[in-house]
Amino acid sequence: AHDKLVSDLVQKRSGHVVKSQGDGFMIAFARADQAVRCGIDLQHALRKDAKRKRHTELRVRIGIHMGRSVRRGDDLFGRNVAMAARVAAQAVGGEVLVSQPVRDALSDCDDICFDDGRDVELKGFSGSYRLFAVEVPADPDRD
């Protein structure tokens with residue numbers, strides 16, 4: 001059910017499931033706003049499902065980064081793919097976490113808001129990076 005929910009929401013936001021490993025997914029979008037809106041949609045859908053079924057909420061971690069990648073067959077590789085995985089690893093359950101380039105690309109979006117961010121070190125990358133949590137609105141009746 002979880003996999004179908006993810007696939008349906010990704011398709012709705014014009015994304016593409018590159019691959020899944022265990023309970024994780026690698027998903028690609030043409031635009032940053034599509035990725036963030038899909039993340040928000042997924043968090044809302046999981047909360048709604050938990051309330052409807054009266055069971056414990058499934059809390060997934062979502063990390064989003066943007067940049068060029070290398071395509072080999074049906075897979076994606078490269079520094080930006082690794083960065084996206086590291087951003088996701090920093091997220092907590094129920095959170096949509098984005099890198100600075102994603103936040104900067106969405107600065108004109110009035111309906112997507114972020115917290116003040118936090119500085120983290122990412123495995124395999126030197127220095128510190130600022131990551132921002134998407135403020136997921138309580139109202140699931142969005143576009």
Side-chain angles (χ1 to χ4, degrees), residues 1-51 55-143:
H2 172 263
D3 292 358
K4 179 164 178 19
L5 174 65
V6 171
S7 294
D8 289 349
L9 292 175
V10 167
Q11 184 176 10
K12 175 185 168 192
R13 293 293 182 180
S14 302
H16 169 71
V17 175
V18 176
K19 64 182 173 182
S20 62
Q21 294 177 321
D23 60 356
F25 288 85
M26 178 193 298
I27 301 169
F29 292 88
R31 298 189 331 257
D33 67 298
Q34 294 169 317
V36 171
R37 287 188 172 99
C38 185
I40 292 168
D41 291 348
L42 181 57
Q43 298 296 17
H44 279 147
L46 292 171
R47 288 179 192 150
K48 183 178 177 182
D49 185 58
K51 285 181 185 174
H55 60 70
T56 304
E57 181 180 333
L58 182 63
R59 299 178 53 83
V60 299
R61 301 178 300 145
I62 299 173
I64 302 171
H65 178 64
M66 61 187 285
R68 294 194 181 276
S69 59
V70 176
R71 178 180 293 278
R72 285 193 199 131
D74 291 335
D75 209 349
L76 297 176
F77 298 90
R79 179 178 171 81
N80 289 311
V81 173
M83 176 69 78
R86 299 302 184 259
V87 172
Q90 291 290 324
V92 298
E95 184 175 53
V96 178
L97 194 63
V98 305
S99 64
Q100 180 93 44
V102 173
R103 183 183 147 277
D104 292 348
L106 298 179
S107 62
D108 293 345
C109 291
D110 294 334
D111 63 329
I112 299 175
C113 300
F114 303 92
D115 70 2
D116 293 331
R118 60 189 186 253
D119 292 321
V120 301
E121 292 184 11
L122 301 174
K123 181 180 175 184
F125 292 87
S126 61
S128 68
Y129 294 83
R130 193 140 186 99
L131 303 180
F132 301 85
V134 175
E135 295 179 357
V136 178
D139 180 13
D141 296 328
R142 305 172 32 86
D143 291 347

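Numbering starts at 1 and runs along the sequence shown.
- Using a distance-only test at 3.5 Å, with no hydrogens or angles considered, no donor-acceptor pair links the side chain of R130 to the main chain of Q100.
- Between D8 and K4 there is a salt bridge, with a side-chain nitrogen of the basic residue lying less than 4.0 Å from a carboxylate oxygen of the acidic one.
- Not a single side-chain hydrogen bond (donor to acceptor under 3.5 Å, both in side chains) links D110 to another residue, sequence neighbours left out.
- Proximity of L46 to L5: side-chain heavy atoms (C-beta onward) are separated by under 4.5 Å at one or more points.
- Taking the side-chain hydrogen bond (donor to acceptor under 3.5 Å, both in side chains) definition, one finds that Q34 meets it with nothing, sequence neighbours left out.
- Looking at every heavy atom in both residues, A105 comes nearest to M66 through CB-SD, 3.8 Å.
- Shown here are the salt bridge (charged side-chain N to carboxylate O under 4.0 Å, His left out) partners of R79, two or more places apart in sequence or in another chain: there are none.
- When L97, V134, L131 are each tested for a side-chain contact (heavy atoms from CB on, under 4.5 Å) with F114, only one passes: V134.
- For R71, the salt bridge (charged side-chain N to carboxylate O under 4.0 Å, His left out) criterion is met by no residue, not counting sequence neighbours.
- Put simply, the side chain of M83 reaches to within 4.5 Å of the side chain of Y129, judged on heavy atoms.
- Heavy-atom minimum distance, V102 versus A32: CG1-CB, 4.2 Å.
- Every side-chain hydrogen bond (donor to acceptor under 3.5 Å, both in side chains) that D33 has, sequence neighbours left out, goes to R31, R37.
- With sequence neighbours left out, D75 forms a side-chain contact (heavy atoms from CB on, under 4.5 Å) with V18, K19, M26, F77.
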